[in-house]
Amino acid sequence: MPELPEVEVISRGLAKALVGKTIKSVSILNHGTVKMPWQIFASRVAGCTITRVHRRAKLVIIDLGDDLHITFHLKMTGRVLAHESATSPEKHTRVVFDLTDGGSIEFHDTRKFGEVRALSTEELEEWSFYRKLGPEPLETSVSDLAERLVGKKANIKGLLLNQSIVAGIGNIYADESLFRAGIHPKAKPSDLSKQSLENLFVEVQKVLKQAISENGSSIRNYVDAGGDSGGFQNSFKVYGKKGELCPQCGEQFETGTVAGRGSTFCAKCQKMSD
DNA sequence: AAAGTAGCCTGGAAGC
DNA sequence: TGCTTCCAGGCTACTT
């Protein structure tokens, strides 16, 4: 499931491949993927030239000039692929943007959770999901990030996953950051010092940066814009390590549901309070 | 206010 | 072997 690092890597790859290219036409193979009237979507993007590709939270955003933006939310299994020449759609290809140079952009999504839109700048800024997004964790100081959690009584993992508090963190990087910071996923910020919360975000930033530098994590079916896998999954310390032993203390990792998600953690190394 | 859960989807793994 | 069940999880909507 692509999170901030994977979406960042995809966006950078798409930017290299696509800026300056022009969309000729669109084929919508699964109408449910396009979260707006499909005729409007198709007519808006046809003939437009790609000026920039970037990321906000877990959204890939392709700018078509100053006032039109294609947004892709990959959810669990979405992929955005840039092809240099004609390719035939696969079973799970949902939307194809044909380019005037013979290439294409393919939105591939096994489970159909992914969402694609083409919005004006005003529509984008008024979109409730977009409007509520919290700050980017790599563009905000750990002090400011920690301040958003201070005193809260909900479990900390749920807060990290809440996109309106901090944008871009999902289950993998939440578990990894909490383990590295030595904080239990069910700990409450109200039981932790500001110092501990700042340290958590130091670890969040380190983990996200390392994952980006290793081209993201490939579990299940993540691939970048060119179809290549990432390498950060080899650096996981807790995520998906159910039944294994903690490398720090040797105790067996615990697993359970926290904030509605599968969670793995070390009950000995990860504290509930300061 | 906050926490829990169903639902959206599919395929791969596990269980029988 | 082949069937059924479970599980993965980002996000919304609804309930407690």
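To find a chain, count down the sequence lines: A is the first, B the second, and so on, and within it residues start at 1. These values consider heavy atoms only, across backbone and side chains, with no hydrogens, waters or symmetry-generated copies. Bear in mind that the values here come from a model prediction, so they are computed numbers and not experimental data.
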ask   = Can you check the A:Y173 OH to C:dG10 P distance for me, whole Å?
value = 12 Å
ask   = Within the structure, does a side-chain N or O atom of A:H73 lie under 4.0 Å from either OP1 or OP2 of C:dG10?
value = no
task = Report the nucleotide, chosen from C:dT12, C:dG10, B:dT10, that has the shortest atom-to-atom distance to any side-chain atom of A:E3.
result = C:dG10
task = Answer yes or no as to whether B:dC8 has its base stacked against A:F113, where stacking requires a ring-centre separation under 5.5 angstrom and planes under 30 degrees apart.
result = yes
request  = Figure out the CZ/C1' separation between A:R131 and C:dT12, and round it to whole Å.
outcome  = 15 Å
ask   = If only side-chain N and O atoms of A:K75 are considered, is one of them under 4.0 Å from the OP1 or OP2 phosphate oxygen of B:dC9?
value = no
query = Checking all strands, does A:K132 fall into the base, sugar-phosphate, or nothing category for heavy-atom contacts under 4.0 angstrom?
reply = nothing
ask   = Starting at CG of A:L159 and ending at P of B:dG4, how long is that distance when rounded to a whole Å?
value = 12 Å
ask   = Touch check for A:E115, heavy atoms < 4.0 angstrom, all strands: base, sugar-phosphate only, or nothing?
value = nothing
request  = Would you please name every residue forming a side-chain hydrogen bond (donor to acceptor under 3.5 Å, both in side chains) with A:R148, sequence neighbours left out?
outcome  = none
Side-chain donor or acceptor of A:T51 paired with backbone N/O of A:G65 under 3.5 Å = yes
ask   = Atom CZ of A:R117 to atom C1' of C:dC11: distance rounded to whole Å?
value = 11 Å
request  = Verify the contact: side-chain N or O of A:K91 to OP1 or OP2 of B:dG11, cut-off strictly under 4.0 Å; return yes or no.
outcome  = yes
ask   = How far, in whole Å, is B:dT5 from C:dC7 if one measures between their C1' atoms?
value = 16 Å
key: Shortest non-hydrogen contact between A:L192 and A:A187, atoms and distance   = CD1-CB, 4.1 Å
query = When you look for runs of 3 or more Watson-Crick or G-U pairs in a row, both distances below 3.5 Å, which of them include DNA chain C?
reply = B:2-8 with C:10-16, B:10-16 with C:2-8
A:K152 side-chain N/O to B:dA1 phosphate OP1/OP2 under 4.0 Å = no
message = With a 6.0 Å cut-off (strictly less than), is the heavy-atom count around NZ of A:K21, excluding the residue itself, greater than 12?
response = yes
query = Can you name the nearest heavy-atom pair linking A:K241 to A:F253, along with the distance?
reply = O-CD1, 3.6 Å
request  = Please measure how far the P atom in B:dA6 lies from the corresponding atom in C:dC6, and state the result in whole Å.
outcome  = 12 Å
inquiry  = Measuring from the side chain of A:K112 (C-beta onward, heavy atoms only), which nucleotide among B:dC9, C:dG10, B:dG11 has the closest atom?
reply    = B:dC9
inquiry  = On the nucleotide C:dA8, are OP1 or OP2 found under 4.0 Å from the side-chain N or O atoms that A:R261 carries?
reply    = no
note = Here the pair of heavy atoms bringing A:F265 nearest to A:H184 is CE1-NE2, 3.2 Å
inquiry  = Does a side-chain N or O of A:H92 approach OP1 or OP2 of B:dC9 to a distance below 4.0 Å, or not?
reply    = no
inquiry  = Please confirm whether the shortest side-chain N or O distance from A:Q163 to OP1 or OP2 of C:dG10 is below 4.0 Å.
reply    = no
task = Give one of base, sugar-phosphate or nothing for A:G262, where a contact means two heavy atoms less than 4.0 Å apart.
result = sugar-phosphate
inquiry  = Can you measure A:M76 atom CE to C:dG10 atom P for me and round it to whole angstrom units?
reply    = 5 Å
ask   = Are the aromatic rings of A:F129 and A:H73 close, with centres under 6.0 Å apart?
value = yes
key: A:E84 atom CD, neighbour heavy-atom count above 12 within 6.0 Å   = no
